[in-house]
Amino acid sequence: MLQALYIYNINRYISGQTIMRESNSASNHLQELLRKLPAVDTLLAQIIEDPDLKDVPRAVIIDSIRKSIEELREAIRRDPAGFAGSDLADTAVQARVRNKVKAAMSENLVRLVNATGVVVHTNLGRSLLAEDAVRHMIEAAERYSNLEFDLSTGRRGSRYTVVEDILCEISGAEAGMVVNNNAAAVLLALDTLAKDREVIVSRGELVEIGGSFRIPDIMAKSGGILKEVGTTNRTHLHDYERAINEKTGLLLKVHASNFAIVGFTASVSLREMVALGAKRGLPVMEDLGSGTFVDFKKYGLMKEPTVQESIAAGVDVVTFSGDKLLGGPQGGILAGTRSVMEKIKKNPLTRALRIDKMTLAALETTLRFYRDEARAVSVIPTLSMLTCPLSHIREKAEALHRQLGMINTARLSSGLADSVSKAGGGSFPLLEIPTICVTIRIDGISAAKIDRLLRNAEIPVIGRIEEDAFIMDVRTVMADEIEIICNAVRQLLD
Ligand SMILES: *Cc1c(COP(=O)(O)O)cnc(C)c1O
């Protein structure tokens, strides 16, 4: 701190020197303003007794003071004539410091209201956990556990066994394991099965997921050699057959999760690839991307391939995400035949990609729900939001609309609008689920400004702008968040 004060005083001295060389009245004004800047210790003495700041580390307060003074000095230098002298009043400077302290003390990762209607929104945290999964996760965090301890023998155990039995039970696979995320699962599987070997993939499946996950890049990192076959829209079994040679190590199928090729298309089914692999003695891997255990067609949505189907087709290993359509925590799940999974489990890379205990706890509980599909669909938020009947959505939209109507101002007008929600998370690229949105217009405030102000609210509210209105899709809004939205709008109006 002493050092900080010293630097600060030197700065004052230098700026004083610079200014004295100028000699018109403007520079006198500038000098006068700079002289009025408070000293760090004066400001500190003024606010240190503030009860609101009693839990704030002294270093944070001093840093906020220094930054505030620096900010004011910059503003004065930039435009001495336009600088408002009132900004230098004690109360104004103190308020500036308090804001800085508040910003420094608040967490960077904050909850928010997802009013985008995109259920698996990667930028907003993908899937929300079911209540029981949260309970299990907290327990794993707060208490010691048998994470890598075999209670029957009293010896060291493996964390990978925690979810293996339930994973096999619900998928039909012989063996399974989980790592940090699906990108890691793909990397691990390729590194194990295809290092320095050719991996045959259809040109229509060389996907980029976003966040820089691209099949060709992950392939290169794993040491696998990409062997593209077919064309963007059509790939046939004989394309794979002809590409097989003595360097081939793996046949890979990638689920084109976030796009669709429509029109004149042809692709080879996993079953056909498995038959070809068996004939030529090659393992077959599938990157399912989202991965689900539920056939969404039953719920009026589109067909998304299920994990059980891939296993039943005889795939050697299938990989998928824990936090996309599965509705669990971030994780990369691998399931497949015992012999291939044994090789994967022995890869030293697993240590670098390993899953955390809290994740493991949440994942175990989430997977157990799938023993009873009806239960899974009702308690796993991702599933319940995706399958939520329009009548429920309408009730929620009407409740929000009604509450907004109770805000006492003529400037605010809200309405209901039919729209469509997206599943997100690189799943169901063509699916548009009918939904009801609540629109907001405010006299004298543009939709863009409403969007910005709500985004910066105490609890941020994220929606979108359409036709000059701010729009909220309530599919992804929880019942208790209606109040939060209304409070944010009230504050915005103030
Ligand atoms: C999302 C996705 C991935 C990456 O999964 P993460 O869990 O986000 O690492 C890989 N492959 C496909 C096909 C995907 O859709």
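- Put simply, the side chain of S64 gets close to the backbone of V60: a donor and an acceptor are under 3.5 Å apart.
- For NZ of K345, the number of neighbouring non-hydrogen atoms (other residues, nucleotides, ligands) closer than 6.0 Å is greater than 12.
- A search for side chain to side chain contact (heavy atoms under 4.5 Å, CB included) contacts involving E481 returns R111, V113, V477, M478, I484, not counting sequence neighbours.
- Among all heavy-atom pairs drawn from A399 and I482, the shortest one is CB-CD1, 3.9 Å.
- Here the shortest heavy-atom pairing between L112 and I459 reads CA-CG2, 4.1 Å.
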Run the numbers on R354 and V179 for side chain to side chain contact (heavy atoms under 4.5 Å, CB included), then give the verdict.
CA-CA 5 Å; R354 88 175 179 191; V179 290; over 6 Å; no
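- Applying the 6.0 Å contact sphere to CG of D468 captures no more than 12 heavy atoms from other residues, nucleotides or ligands.
- The ring pair (Phe, Tyr, Trp, His ring centres under 6.0 Å) search around F369 returns none, not counting sequence neighbours.
- The minimum heavy-atom distance linking C388 with I393 is given by the pair SG-CG1, 3.8 Å.
- In this structure, I200 and E228 have side chains that are not in contact, with every pair of non-hydrogen atoms separated by 4.5 Å or more.
- By the 4.0 Å N-to-carboxylate-O rule, R159 lies too far from E164 to be salt-bridged with it.
- Applying the side chain to side chain contact (heavy atoms under 4.5 Å, CB included) rule to L349 yields the partners L187, L188, D191, N347, L353; only residues at least two apart in sequence or on another chain are considered.
- When atom types are taken as modelled, the side chain of D451 and the backbone of A447 share no donor-acceptor pair closer than 3.5 angstrom.
- A distance-only check finds a donor-acceptor pair linking the side chain of D239 to the backbone of H236 [under 3.5 Å].
- The backbone N or O of F264 sits less than 3.5 Å from a side-chain atom of N233, completing a donor-acceptor pair.
- Proximity of V201 to M219: side-chain heavy atoms (C-beta onward) are separated by under 4.5 Å at one or more points.
- The environment of NZ in K303 is crowded: more than 12 heavy-atom neighbours from other residues, nucleotides or ligands sit within 6.0 Å.
- Across every non-hydrogen atom of R475 and G117, the tightest pair is CD-O, 4.1 Å.
- A salt bridge links R368 to E364: at least one charged side-chain nitrogen sits closer than 4.0 Å to a carboxylate oxygen.
- Salt-bridge formation is detected for the pair R464/E466: a Lys NZ or Arg NE/NH1/NH2 atom is positioned less than 4.0 Å from an Asp or Glu carboxylate oxygen.
- Aromatic ring orientation, F320 versus F293: perpendicular (interplanar angle above 60°, classes split at 30° and 60°).
- Across all non-hydrogen atoms, the minimal contact from A189 to M285 is CB-SD, 3.7 Å.
- Annotation: side-chain hydrogen bond (donor to acceptor under 3.5 Å, both in side chains) contacts involving residues 278-300, sequence neighbours excluded, comprise N182-D287, E241-K279, E286-S310, D287-T319, K298-E373, Y299-E373.
- Under the side chain to side chain contact (heavy atoms under 4.5 Å, CB included) criterion, S202 pairs with E205, T235, Y240, sequence neighbours left out.
- Pairing each heavy atom of L383 with each of L325, the nearest pair is CD2-O, 3.5 Å.
- Counted within 6.0 Å of CZ on R135, heavy atoms from surrounding residues, nucleotides or ligands total more than 12; the atom is thus considered enclosed.
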Given salt bridge (Lys or Arg N to Asp or Glu O under 4.0 Å), test R155 with E148 step by step and report yes or no.
CA-CA 9 Å; R155 301 227 175 88; E148 291 187 356; over 6 Å; no
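- No more than 12 heavy atoms of other residues, nucleotides or ligands lie within 6.0 Å of CD in E131, so this atom counts as exposed by the packing criterion.
- L326 places a side-chain heavy atom less than 4.5 Å from the side chain of L367.
- Residue pairs meeting the side-chain hydrogen bond (donor to acceptor under 3.5 Å, both in side chains) criterion with at least one partner in residues 214-223, sequence neighbours excluded, are E208-R214.
- For E272, the CD atom sits in a packed shell: over 12 heavy atoms of surrounding residues, nucleotides or ligands are nearer than 6.0 Å.
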Side chain to side chain contact (heavy atoms under 4.5 Å, CB included) between V438 and L416, intermediate numbers included:
CA-CA 5 Å; V438 177; L416 299 176; 3.9 Å; yes
